[in-house]
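Notes to accompany the following structure.
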Amino acid sequence: EAGVAQSPRYKIIEKRQSVAFWCNPISGHATLYWYQQILGQGPKLLIQFQNNGVVDDSQLPKDRFSAERLKGVDSTLKIQPAKLEDSAVYLCASSTGQGQETQYFGPGTRLLVL
Amino acid sequence: AQTVTQSQPEMSVQEAETVTLSCTYDTSENNYYLFWYKQPPSRQMILVIRQEAYKQQNATENRFSVNFQKAAKSFSLKISDSQLGDTAMYFCAFMKHRSSGDKLTFGTGTRLAVRP
């Protein structure tokens, strides 16, 4: 079974530029999560999707971050414009969506904003 | 809101010995799940072990076991016969039980080094 795929693995941008990350969850997984992991900290949820609907985006900085999962499968997370404090690893995770789930994580995208 | 506390930023253990990582949490929920995840330097987060709060029996997975004390809100991880490949960051995480799943709330992690 293929795991959660993410791309790119690394990205370096200047502040005020825009960037997009892509995630393809495990096949058949209804729930998809985006987490932000700042160096030295545990991951924090940005947004949770159930199929193509948003379940929780309370911690998403909506003035600069956006995310979509249009067909209920893969997802993109965008930052526009980026700030220095957005430098972090962005982790995508998926689960079956049936309540007792374990979340499976992708390899993450490391973003550096200069 | 839930909080997860890992009070040991770093731990070190000799290969083949046993080490215990501590985790406490705070919640008003009665039905929830607890997890230990491992994050090696390659960065991919890997599930080590999970515990359902309604189960009194402590979960075990090969060399990994937990000591779940629900009343004390404590969830420690014991690694027996430590191996060099166990070197990683270990995160304790909490999840409320919801029909469609819920977010993980992570602690700040414990960096474990296994010495040869």
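A note on names: the letters A, B, ... follow the listed sequences, proteins ahead of strands, and every chain is numbered from 1.
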| query | What are the two closest heavy atoms between Y33(A) and D102(B), and how far apart are they? | reply | OH-O, 3.3 Å
| field | Contact class of Q41(A) relative to chain B, heavy atoms under 4.5 angstrom | value | backbone
| said: Which atoms of Q37(A) are under 4.5 Å from chain B, going by heavy atoms: the side chain, the backbone, both sets, or neither? | reply: side chain
Cluster question for you: counting only ILVMFWY and a side-chain heavy-atom cut-off of under 4.5 Å, with indirect links fine, are [X] and [Y] together?
X	Y	result
W34(A)	I79(A)	yes
M95(B)	L46(A)	no
V13(B)	L84(B)	yes
I79(B)	Y37(B)	no
F106(B)	L45(A)	yes

| task | Look at the side chain of Q44(B) and the backbone N and O of G108(A), then say whether any donor-acceptor pair between them is shorter than 3.5 Å. | result | no
| chain A: which of L104(B), I46(B), L47(B) shares the most heavy-atom pairs with it under 4.5 Å? | L104(B)
| task | Only one of K103(B), M45(B), Q39(B) passes side chain to side chain contact (heavy atoms under 4.5 Å, CB included) with P43(A); say which it is. | result | M45(B)
